[in-house]
There are 2 protein chains.
Amino acid sequence: MPRSTKQSPERGDARTRLLEGARDVIRRKGFAATSVDDLCQSAGVTKGAFFYHFNTKDALGVAAANFWSETTSAIFASAPYHEPDDPLERVLAYLDFRKGLIDGETFEYTCLVGTMTQEVHDSAPAIRDACAASIFGHAATLETDIEAARKQHNIDADWTVESLARHTQAVLQGGFILAKATGDPDLARESVDHLIRYVRGLFRVGPNTSETNYEKSSWPASKSPRKRSLPPSN
Amino acid sequence: MPRSTKQSPERGDARTRLLEGARDVIRRKGFAATSVDDLCQSAGVTKGAFFYHFNTKDALGVAAANFWSETTSAIFASAPYHEPDDPLERVLAYLDFRKGLIDGETFEYTCLVGTMTQEVHDSAPAIRDACAASIFGHAATLETDIEAARKQHNIDADWTVESLARHTQAVLQGGFILAKATGDPDLARESVDHLIRYVRGLFRVGPNTSETNYEKSSWPASKSPRKRSLPPSN
DNA sequence: CAGAACATACCATACGGTTGGTATATAGTT
DNA sequence: AACTATATACCAACCGTATGGTATGTTCTG
């Protein structure tokens, strides 16, 4: 029988639990409306622990944005959309992958750093910069595939690789807003569909390339029972 | 000499000034971070006036969303993008018009109801519904032109008119987020350019139709001196 | 003069943050 | 192996202020 069989959360991971709680609570309520007490409660710690790990609430905001960057980039790095040999296929597979992530409750699939950017862009530059680094850093990961696809398909474009990469993020962020307005994730998926159609048009490929429909992998959200792990029986 | 030459703001329009102040301050700081005192100060009134006109802060949020709907739909109704005879030209002119509105400080061109939706979607259903009505109500105004263009160009589409109308709003909202992340309106205009290219592709028209570049009209923002009312001299 | 449209002063609470203390793990000493 | 020193990682209680909201008074208008 090991010593220290305490059921309560392990000592030493309060910081991580605070960041995970912040990720979910802030996506629900927004940054400003989330109190430090809310964050402590979601992590199961007291304010002493909070202010031991973060000097101020804004400091947690910065840390949460960085935490988001690290966790999501790990997910994207190991995601299956990199597998196709054709670079355009990889771009389309990325968009299909993103579309697959949009499911469940709103706070489960929306973007933490996009949400925080909206709120703090004018009042908390440190948080905003951390969010911007997350958004544009992720967008930049798409650029090599887009560039390779452009060369392979001999596209002489009136658009830049960087702007298309950013545009994909804009569409996702905007889709999240429409989804939040009604609580319906279909509104976000719908815009991704238009984006996919746009990219296909840019590269002059038909509508039926790459229909792998990548399975949804784990996305930063508190473990919630995912309904329908098997397809419906009808 | 007329009686009541008081320089101070007219009696009777405190409500309007509160809504106008809310429009600008909330776009800067967000809804939750904007205090009632902030709103009173921006309108030049006291809390007595505020709570005379609005029972609660959330009630002002609803009223601000409705105010936004009314003022912006008046602007769009009288905007020049309705002039072209060709319906597709009107759609493209609308997007060009929206692009032209993106200028100046961030709080001047971003969308109030999009901002508020992000924050209160899960905690203030009344505000969220008012915002949703504004967003989707505006999107619906595009549907007749899109539908007419689709018939005229004989497009048998795999997309619905409604979804394309919504997609335009998603792109705009997403562009606003990217612009807020850096303070650079070019990031929003860039996404509108991609959207315009997408719509042209959907209707199979070349890149050089309708380049009117409609002059920017008045958009809900506090009167700020607009630089460069004349084009640069080079 | 009655009621609408404000202003002033005030209240209870929730908020971000601080203070002082305690349990735990680790390292060094004997 | 036992004991101490020390830093880490937290907890519980407290503090000043900002906040949403109220109660009451005042001014203007029809």
Side-chain angles (χ1 to χ4, degrees), chain A residues 1-22 25-26 28-64 67 116 119-120 123-127, chain B residues 1-22 25-26 28-64 67 116 119-120 123-127:
Chain A
M1 173 171 172
R3 51 179 179 179
S4 173
T5 335
K6 283 177 61 181
Q7 189 60 22
S8 62
E10 305 274 327
R11 182 188 173 88
D13 61 341
R15 183 188 150 93
T16 301
R17 294 206 317 281
L18 279 165
L19 292 172
E20 290 170 344
V25 179
I26 293 173
R28 277 188 195 271
K29 307 180 37 168
F31 180 77
T34 298
S35 70
V36 174
D37 285 319
D38 289 335
L39 295 166
C40 292
Q41 191 180 358
S42 78
V45 300
T46 63
K47 278 170 126 171
F50 183 95
F51 284 103
Y52 172 76
H53 290 287
F54 308 104
N55 286 329
T56 152
K57 188 192 170 189
D58 274 23
L60 171 123
V62 174
F67 182 73
M116 289 204 293
E119 284 193 68
V120 306
S123 43
I127 302 178
Chain B
M1 174 171 171
R3 52 180 177 174
S4 172
T5 337
K6 282 178 60 181
Q7 189 60 21
S8 61
E10 306 272 329
R11 184 187 174 86
D13 61 342
R15 183 188 150 91
T16 302
R17 294 206 318 282
L18 278 165
L19 292 173
E20 290 169 345
V25 179
I26 292 173
R28 279 188 192 271
K29 308 182 35 168
F31 180 76
T34 298
S35 70
V36 174
D37 285 319
D38 288 336
L39 294 165
C40 292
Q41 191 181 0
S42 77
V45 299
T46 63
K47 277 169 124 171
F50 184 96
F51 284 103
Y52 173 76
H53 290 287
F54 308 103
N55 286 329
T56 157
K57 189 193 169 187
D58 274 23
L60 170 122
V62 174
F67 181 73
M116 289 202 294
E119 283 195 67
V120 305
S123 44
I127 302 179

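Every chain is numbered from 1 and lettered A, B, ... according to where its sequence line falls, protein lines coming before strand lines. As the structure is a computational prediction, the values presented were derived from the model and not from experiment.
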Categorize A:G12 for me: base, sugar-phosphate, or nothing, with a 4.0 angstrom heavy-atom threshold over every strand shown. sugar-phosphate

At 10 degrees resolution, what angle do the end axes of the helix from C:dC1-D:dG30 to C:dT30-D:dA1 form when each is taken over five base pairs? 10°

How many Å lie between CZ on A:F50 and P on D:dC14, as a whole number? 22 Å

Report the residues that fulfil ring pair (Phe, Tyr, Trp, His ring centres under 6.0 Å) with A:F54, sequence neighbours left out, ordered by chain and then residue number. A:F50

Which atom pair, heavy atoms only, marks the closest approach of A:V45 to A:A14? CG1-CB, 3.9 Å

Of all pairs that satisfy side chain to side chain donor-acceptor pair (under 3.5 Å), the ones with a partner from residues 35-51 of chain A, not counting sequence neighbours: A:K29-A:D38, A:S35-A:D38

Could you run down the sub-3.5 Å N/O contacts of the protein with nucleotides 12-16 of chain C?
residue	atom	partner	partner atom	Å
C:dG16	OP1	A:K57	NZ	3.3
C:dG16	OP2	A:V36	N	2.7
C:dG16	N7	A:K47	NZ	2.8
C:dG16	O6	A:K47	NZ	3.3

Could you check how far OH of B:Y52 sits from C1' of D:dG25, rounded to whole Å? 15 Å

Would you please name every residue forming a side-chain contact (heavy atoms from CB on, under 4.5 Å) with A:A32, sequence neighbours left out? A:E119, B:A32, B:A33

Whole-Å distance between D:dA9 P and A:R15 CZ? 11 Å

Taking all heavy atoms of B:L60 and all of B:A22, pick out the closest pair and write down the distance. CD2-CB, 3.9 Å

Please identify each residue that fulfils salt bridge (charged side-chain N to carboxylate O under 4.0 Å, His left out) with B:R28, with sequence neighbours left out. A:D122

Does any non-hydrogen side-chain atom of A:R15 lie less than 4.5 Å from one of A:Y52? no

Show the nearest heavy-atom pair for residues B:I26 and B:T34, with the distance to one decimal. CA-OG1, 3.9 Å

Rounded to whole angstrom units, what separation is found between the CG atom of B:D13 and the P atom of C:dA4? 18 Å

Using OP1 and OP2 only, check whether a side-chain N or O of A:H53 sits under 4.0 Å from D:dA9. no

Quickly work out the A:Q41 CD to D:dC11 C1' distance and round it to whole Å. 16 Å

